[in-house]
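Both counts, for ligands and for their atoms, begin at 1 and track the order of listing. The first residue of the sequence shown is numbered 1, and numbering continues consecutively from there.
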Amino acid sequence: ISSNLHLIPNMDAGQAHVLQFWPELCEAEKDVFLQELSQLDLQGLQDHCEGAARAAASPSASLDPHMEPVPPESVGSVRKSDKHSLAVWGNEGLLQISEDRVGVLLLAGGQGTRLGVQYPKGMYDVGLPSGKTLYQIQAERIHKIQELADRKHGSKCTVPWYIMTSEFTLAPTEKFFKENNYFDLEPSNIVMFEQRMIPAVTFDGKVILQGKGKIAMAPDGNGGLYQALVDNKVLEDMKKRGVQYLHVYCVDNILVKMADPVFIGFCVTKGADCGAKVVEKTSATEPVGVVCRVRGISQVVEYSEIQPETAELRGPGGELVYSAGNICNHFFTRAFLQDVAAAHKGQLKQHVAFKKVPFVDTCGNQVKPTKPNGIKMEKFVFDVFPFSRNFVAFEVEREEEFSPLKNADGAASDSPTTARNALLAQHGRWAKAAQATLVDEPGNTLPPAASASAADNPPAQCEISPLVSYFGEGLEELLKGRALPTALLLDEKRAKELQAQ
Ligand SMILES: CC(=O)N[C@H]1[C@@H](OP(=O)(O)O)O[C@H](CO)[C@@H](O)[C@@H]1O
């Protein structure tokens, strides 16, 4: 192995410390370490370390002075559109789906640090009556949207599911899908691939050793997508399948509408190459990016980078000036992604985060720092928006579309409880709209929950499988005029029973 050391080019590029403990490693450890080192792109590494050191020395200038809100007339909106327009967009989206032109892409490389789990977030069970995980809910929505498109157009369509994972999430995700028989989706239509990892670096640009034979590595942010699409030939796969439109989304939103036909149809009708769903922010401090313009060009300014004074700005009616909250649901044409891959992926901004990165000191002791000692550089998925020729934003209703799982239970927002309640409340509303009454054990009518916040009373336990209904459609024929005891779990079996009654 040692004879292979020459394969690690130029560790003298200021990074010789990486091999400091080499003589102490056993053969197996050397083997693994060498493997890791030989995968580093060294020119890239040097640029990366220099960039990190520069960023630590002089943080990049704030964008705030150049920000302005997106003009309201250029934002599409579910709330402000009439039924007819929504139906036209929905039909357009279903048509595209039925013709195999739509794919979905899941960003699932994150580590779930805030949620505090050691496994991929998609495997999380928020405690629904069905016990379903986020991955299962998403898989079932794909089934259903294919079925809705097929029913309308007599097709037999496929919505391929691209899943970007990282070194942390690929193996457990693969195993989980296999164990669950790919949730009855065709395995060849699920394409998992890995984003790159990059080293964490000290403030003076040195790669951090996490162990004597291990570099501290982290995924390159969800904007690592564009490099990963190239590394893994995903755009070629899309082309082969005839996929022209891609709905990209984050793993953690329990209400995500996979391949939402209304959003797809809206973007296609507007001739957009790039689009983002937004919700109105609940408060100035809500941790969501804002869709806005910077120097006249549409982009997202992330919650970690906006100045509090800017986030707090209010208009004449007391409304937030920057209220278009990014929910990490994006639309891209394949042509746009090809353009990004060919011409722009190297220009994506590097966002700098100062983190506590565990390391071994020069004496070989393991240290858990109490204050930030390292820099992690990340790219953001939305940083390609400025390269778009026709970007559109589409405002959707929070209670129908956005309840992310970020924090562990106990937090006031974005927790397993708030996610569970948001879904149950939505399904309660659907049941009510289908003219069903939900009743408790003694037979009292339950009111539909007005709100799904963790502090409120939990909503009635009414869960409707995505295999039965995707957005509340088709429920009247099953539920109209019935008094249904809770907990109600309306899955396909129960739906058949109700239909037969
Ligand atoms: C880089 C990136 O995509 N950040 C997104 C993403 O934030 P995270 O905190 O990284 O999960 O999801 C938020 C919505 O849940 C969105 O508001 C934000 O802009």
Inset, instruction - Please identify which atoms of ligand 1 are closer than 4.0 Å to at least one heavy atom of Phe402. - result: 14 (C), 15 (O)

Legend entry - ligand 1 contacted by His351 (non-hydrogen, < 4.0 Å): no

Legend entry - Residue and atom name of the nearest protein heavy atom (relative to atom 4 (N) of ligand 1), distance in Å to one decimal: Glu302 OE2, 2.7 Å

What donor-acceptor contacts under 3.5 angstrom involve side-chain atoms of residues 110-125, with partners at least two apart or in another chain?
from   : atom 1 : to     : atom 2 : distance (Å)
Lys121 : NZ     : Asp252 : OD2    : 3.2
Lys121 : NZ     : Leu405 : O      : 2.8
Asp125 : OD1    : Gly127 : N      : 2.7

Legend entry - Residue portion contacting ligand 1 (non-hydrogen atoms closer than 4.0 Å) for Asn222: side chain

Legend entry - Per-atom contacts, ligand 1 versus Tyr303 - under 4.0 Å to a heavy atom: 7 (O), 8 (P), 9 (O)

Inset, instruction - Test Met377 against every option in Ile198, Val201, Asp220 by the side-chain contact (heavy atoms from CB on, under 4.5 Å) rule and name the one that passes. - result: Ile198

Inset, instruction - Could you tell me if any non-hydrogen atom of Glu378 lies under 4.0 Å from any atom of ligand 1? - result: no

Legend entry - For the student: nearest non-hydrogen atoms of Phe385 and Ser298, plus distance: CB-O, 3.7 Å

Legend entry - Protein contact to atom 12 (O) of ligand 1 [nearest heavy atom, distance to 0.1 Å]: Lys406 NZ, 3.4 Å

Legend entry - Check ion pair Arg429-Glu400 (N to O, under 4.0 angstrom): yes

Inset, instruction - If you have a sec, work out which protein heavy atom is nearest atom 14 (C) of ligand 1 and how many Å separate them, to one decimal? - result: Asn326 O, 3.6 Å

Legend entry - Option from Leu128, Leu489, Leu424 for which side-chain contact (heavy atoms from CB on, under 4.5 Å) with Gln461 holds: Leu424

Inset, instruction - Can you sort out which atoms of ligand 1 are near Phe380, meaning under 4.0 Å from one of its heavy atoms? - result: 1 (C)

Inset, instruction - For residues Tyr135 and Phe177, establish whether the separation of their ring centroids is below 6.0 Å. - result: yes

Legend entry - Numbered atoms and elements of ligand 1 in range of Val288, under 4.0 angstrom, heavy atoms: 17 (O)

Inset, instruction - Answer with yes or no after comparing the ring centroid distance for Tyr162 and Phe193 against a 6.0 Å cut-off, counting only values under it. - result: no

